[in-house]
A.B. asks: 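Structure in structure tokens, see below.
Along the sequence shown, the residues carry numbers beginning at 1. Just so we're clear, the structure is a prediction, and the values are computed from it rather than from any experiment.
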Amino acid sequence: MEIEIAAQSRRVGAPADAPASTVISSGAARLVPWSSRRRRFEANLAVLAQRWPEAVSELARPWPEAAARHELHISADGAAQVFVRAVDGNASWLCGRKDHRAAARQEVRLRSEGVLPPSVLIDGVGMGWHVVEVYRQTDRTFLDASGALYVVEREPEVLAMILHIHDWRGFLLDPRVCLFVGPQALAALEAHLDDSRWPLPTIVCRSPGLRPQPPALEAIHRVVDRRIAQVERLSADVRRRYAGRDAAWWARRFGAAVQRAGESASVQRAGESASVAEPPLRVLCVTSRHTTFLQYSMRDCVAALESLGCEARLLMEATNYQRLDPTLLLREQRDFEPDLILLLSRMRYEVSEQLLDVIPSVTWDQDSLPWVFREEFRDRFGPNDFLLGIKALDAPYLYGWPAARCRYCDLAASERTYSAEPLPEADLAPYRCDASYVSHASRPPEEEHRHVLTWLESEHLRGVYEAVVERLLPAWRAGPDFPGPLHSAIYDAFEQRLQRPPTADEFAAVHQAAMRLADRAVRHSALEWVADWAERHGRRLHIYGNGWERHPRFGGFARGPAANGAELRRVYQASAINLQLMSWGFLHQRALDGLCAGGFFLSRRSLWDEWTALLRRLDDRLRRAGAAGPAGFEQLPESDRKADVRAALADLGADARWLASPYAAAALREARQRSCTVDVFAAYPRISFDSPRSFEVLAERFLAAPAERVETARELRAAVIERYTYERRMRQMLELVRDGYTAAAPSGATPRP
């Protein structure tokens, strides 16, 4: 465990015989009685009594005597200083005479645990300002994630003084703050941390005057030792329980689960009960509340699994300041004894000591995150690991993972969460508008550009990226089909600036950065068209999400965030027009959920809406031209069919240079299995726009024709229900695991679970 001493101050002593007035004379300050702050002190005590009544008695005993030895001085700007007269005759300013607030802001520099704030132990409150600063730096830093704070003060009179100086009522009521006061404070801290729901502190801030190694560290280390011992015992217990379960055993178990899922679907329609004799499959669904969408997706996975006859248990942090400790995860595996662990967009090998490899595990990859899937992880995919979703298309080719345990699937939408049943007008009235947009992508393109530049570590890649952006950004803003000749622009920039083609990794890095900026430019330029239309025609536009109130152009339309589930359903149903504006096209979670809820959508047109169809056409033309694969295109003799290939490449914004990269072969493989918007939604051409004028024409037409809106929304929703339900995805998952174990089991092996 890493311990950092983050805030350090020191006492600055005055001569023992120097009266307080002598020292104070260097700055304007006045001596005030402690009784002048009694109202604040009593208000703090009232809050303290609600959570830690024993701390109130600890403060009450020493305070009268301590008040006589401590003088409170208030400077002209309202800052407090405390002059201490010790029993041995010495005197000093508590924590030194200085601007304590400014010092705390300079001294407290907390390192985060990735994107999440750290958990912090504050050993001694000092003058209180470093406590305030630690609290500020760990409060809702990422998707509402906060850090747990453990405040230890072994000298109750010091805390009593601080509760006269600071109004800490909100701080003390915050459930992530834990206070330990008095001689037994460290013992109480240690007992508290034995509850593994509470994260161990990774940073210690020590009070001025304490020794370089605070005794609090000893308590933390003892808890660490006990948790390590627990992990070892629990791991051994879990491995013993799963001993002897081979591929044949699991094939039978999941075969029964697939049968039960089929029966559950049929008996639900008939109103009966399933008859499969096997006990329900137990699925442990592990996710994090510190996500924008995955926590809600897992919620819908759990409901779908239960509808298919499984017993599903959701495991997620209980609060925004607690963490899933290894002991908690292992205890769930021992006690629940799951047949399957389900993860979303994260692989088991990232936490292999916490989610044990003796249990089957499926990752449903919805994001293809580059830090999750890397060449260096190829050997970490074990015999009980399965991959569903986006990366399953490439993994067998890139990493050699067994194809029988990798299967592609699309996203999903939940009919339960986003029912199309009309809501009462009282629920919809606050959200009624002509058009609405839901997104957290509020950072303007200029800011996003500066942010994206930090992704590229080398100067030469930043230069290439800048050249690509300079060439394409005007078109992204103006409205022609996104993304334009992006692939060709990247190759041109490398050749012009570096006189060489990019490596595969270099191409991927620049492409990812350019796509991120392009997406922001596409969204915000379309929003400008919509905002201009709304102002010109007096239409009501609502924009939901974090940060829009600070946007210089769209702040007046901001309505704050809309919570996933019930509130979003109200937004979708109350908006005459819902907007889907992202560069990745219409086939996205927001549109799927909104269509499920019965909402009507207009979408900014993107090449991604027909991307896989264009790739399939390129694949067909390559085959007709006689190419054995995309990399062999240049060796073909010139012909009309070769020219047809070049034309198909141009439609994708690429040229023959891209065909030589590994990404071309991967993209063509994906296109044979993936769907795109135009494959799924026959009505899409009727609801897509690519310019301010085409948006205005569509918006005014559909606002004037509510019956056509309803019928179009019904048609789009039917396609979603047919292809994108969570029940369909969870059934695919069970079939994947069954088929994977069946392929691995010895022929003829039929042991019963």
Side-chain angles (χ1 to χ4, degrees), residues 143-144 292-293 296 418 423 427-449 451 476-477 479 482 516-586 588-595 597-606 687-692 694-696 698-700 702-703 709 713:
L143 300 178
D144 282 344
T292 54
F293 172 70
Y296 307 117
Y418 295 101
L423 289 164
D427 289 349
L428 299 179
Y431 302 91
R432 287 289 186 194
C433 62
D434 297 299
S436 72
Y437 181 57
V438 180
S439 171
H440 295 310
S442 59
R443 186 157 51 194
E446 295 76 17
E447 291 184 26
E448 191 69 11
H449 174 59
H451 171 69
W476 293 337
R477 290 182 180 277
F482 168 87
R516 177 61 176 258
L517 177 63
D519 179 65
R520 193 56 53 92
V522 165
R523 295 182 194 226
H524 283 234
S525 60
L527 267 183
E528 288 176 7
W529 307 342
V530 178
D532 290 345
W533 160 80
E535 291 171 345
R536 189 165 54 250
H537 292 272
R539 299 295 191 180
R540 287 178 298 168
L541 170 62
H542 292 176
I543 303 178
Y544 296 93
N546 296 325
W548 292 106
E549 69 280 359
R550 298 187 297 273
H551 195 284
R553 176 68 178 91
F554 307 128
F557 303 105
R559 293 296 183 272
N564 187 282
E567 188 175 17
L568 272 181
R569 182 184 170 205
R570 292 194 286 271
V571 170
Y572 294 139
Q573 290 194 7
S575 304
I577 296 171
N578 293 277
L579 297 166
Q580 175 68 343
L581 305 178
M582 67 186 303
S583 64
W584 299 103
F586 184 69
H588 178 263
Q589 197 67 53
R590 296 280 190 205
L592 294 179
D593 290 342
L595 291 174
F600 171 80
F601 277 79
L602 293 181
S603 177
R604 175 167 179 174
R605 189 170 182 269
S606 166
I687 63 165
S688 58
F689 59 91
D690 61 5
S691 68
S694 62
F695 168 74
E696 183 170 329
L698 281 177
E700 290 299 320
F702 278 108
L703 286 175
R709 285 204 315 271

A.B. asks: Is R432 close to R540 at the side-chain level, that is, under 4.5 Å between some pair of heavy atoms?
C.D. replies: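 Yes, side chains in contact.
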A.B. asks: Mind checking salt bridge (charged side-chain N to carboxylate O under 4.0 Å, His left out) for R590 and listing every partner two or more places apart, or none if nothing turns up?
C.D. replies: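 R590 satisfies salt bridge (charged side-chain N to carboxylate O under 4.0 Å, His left out) with no residue once adjacent residues are dropped.
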A.B. asks: What class does the angle between the rings of F586 and F601 fall in, given that below 30° is parallel, 30 to 60° is tilted and above 60° is perpendicular?
C.D. replies: perpendicular
A.B. asks: Check R477 against W529 and note the closest heavy-atom contact, atom names and distance.
C.D. replies: O-CZ2, 3.8 Å
A.B. asks: Flag the pair R523 / S583 as yes when at least one side-chain heavy-atom distance between them is below 4.5 Å, and no otherwise.
C.D. replies: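 No, every pair of side-chain atoms sits at 4.5 Å or beyond.
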A.B. asks: Please list all pairs passing the salt bridge (charged side-chain N to carboxylate O under 4.0 Å, His left out) test where one or both residues lie in residues 560-579, with sequence neighbours left out.
C.D. replies: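 Every pair satisfying salt bridge (charged side-chain N to carboxylate O under 4.0 Å, His left out) with a residue in residues 560-579: there are none.
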A.B. asks: Is there a donor-acceptor pair under 3.5 Å between the side chain of R604 and the backbone N or O of V522?
C.D. replies: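 Yes, R604 side chain to V522 backbone: donor-acceptor pair under 3.5 Å.
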A.B. asks: Given the side-chain rings of Y437 and Y544, with only the six-membered ring counted for Trp, is the space between their centroids under 6.0 Å?
C.D. replies: no
A.B. asks: Side-chain contact, heavy-atom cut-off 4.5 Å: R520 with E447?
C.D. replies: no
A.B. asks: Keeping the roles fixed (side chain from S575, backbone from Y572), state whether a donor-acceptor pair exists under 3.5 Å.
C.D. replies: no
A.B. asks: Taking C-beta and beyond as the side chain, do W476 and D519 meet within less than 4.5 Å on heavy atoms?
C.D. replies: no
A.B. asks: Classify the ring geometry between H537 and W533 as parallel (under 30°), tilted (30 to 60°) or perpendicular (over 60°).
C.D. replies: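 Plane angle between 30° and 60°, so tilted.
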A.B. asks: Using every non-hydrogen atom in the two residues, find where G545 and H440 come nearest and quote the distance to one decimal.
C.D. replies: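 Minimum heavy-atom separation between G545 and H440: CA-ND1, 3.6 Å.
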A.B. asks: Between S436 (side chain) and H542 (backbone), is there a donor-acceptor pair under 3.5 Å?
C.D. replies: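 Here the side-chain-to-backbone pair does not exist.
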A.B. asks: Check this for me: does any side-chain nitrogen of one of R539 and E700 sit under 4.0 Å from a carboxylate oxygen of the other?
C.D. replies: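 Answer for the salt bridge query: yes.
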A.B. asks: Compare all side-chain heavy atoms of L423 with those of Y431 and state whether any distance is below 4.5 angstrom.
C.D. replies: no
A.B. asks: Kindly give the heavy-atom pair with the smallest separation between S688 and L698, and that separation in Å.
C.D. replies: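 Between these two residues, the closest heavy atoms are O-CD1, 3.3 Å.
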A.B. asks: What is the distance from atom CG of L579 to atom CG of L541, rounded to the nearest 0.5 Å?
C.D. replies: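 Going from CG on L579 over to CG on L541, the span is 7.0 Å.
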A.B. asks: What's the verdict on ring-ring contact (aromatic ring centres under 6.0 Å, His included) for W548 and H524, showing C-alpha distance, side-chain angles and the deciding distance?
C.D. replies: CA-CA 11 Å; W548 292 106; H524 283 234; 5.3 Å; yes
A.B. asks: Could you give the distance from OG (S691) to CZ (R605), rounded to the nearest 0.5 Å?
C.D. replies: 11.5 Å
A.B. asks: Determine the minimum heavy-atom distance between G599 and L595, stating which atoms define it.
C.D. replies: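 The pair with the smallest heavy-atom distance is O-CD2, 3.6 Å.
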A.B. asks: Below 4.0 angstrom, N of the basic side chain to O of the carboxylate: do R553 and E528 qualify?
C.D. replies: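 Judged by the 4.0 Å cut-off on N to carboxylate O distance, R553 and E528 do not form a salt bridge.
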A.B. asks: Do D434 and I577 have side chains that get closer than 4.5 Å, going by heavy atoms?
C.D. replies: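 Contact flag for D434/I577 side chains = no.
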A.B. asks: Find out whether L568 and D593 are in side-chain contact, i.e. whether some heavy atom of one side chain is under 4.5 Å from a heavy atom of the other.
C.D. replies: no
A.B. asks: Are any side-chain N or O atoms of H551 and backbone N or O atoms of F554, one a donor and one an acceptor, separated by less than 3.5 Å?
C.D. replies: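 Between the backbone of F554 and the side chain of H551 there is a qualifying donor-acceptor contact (under 3.5 Å).
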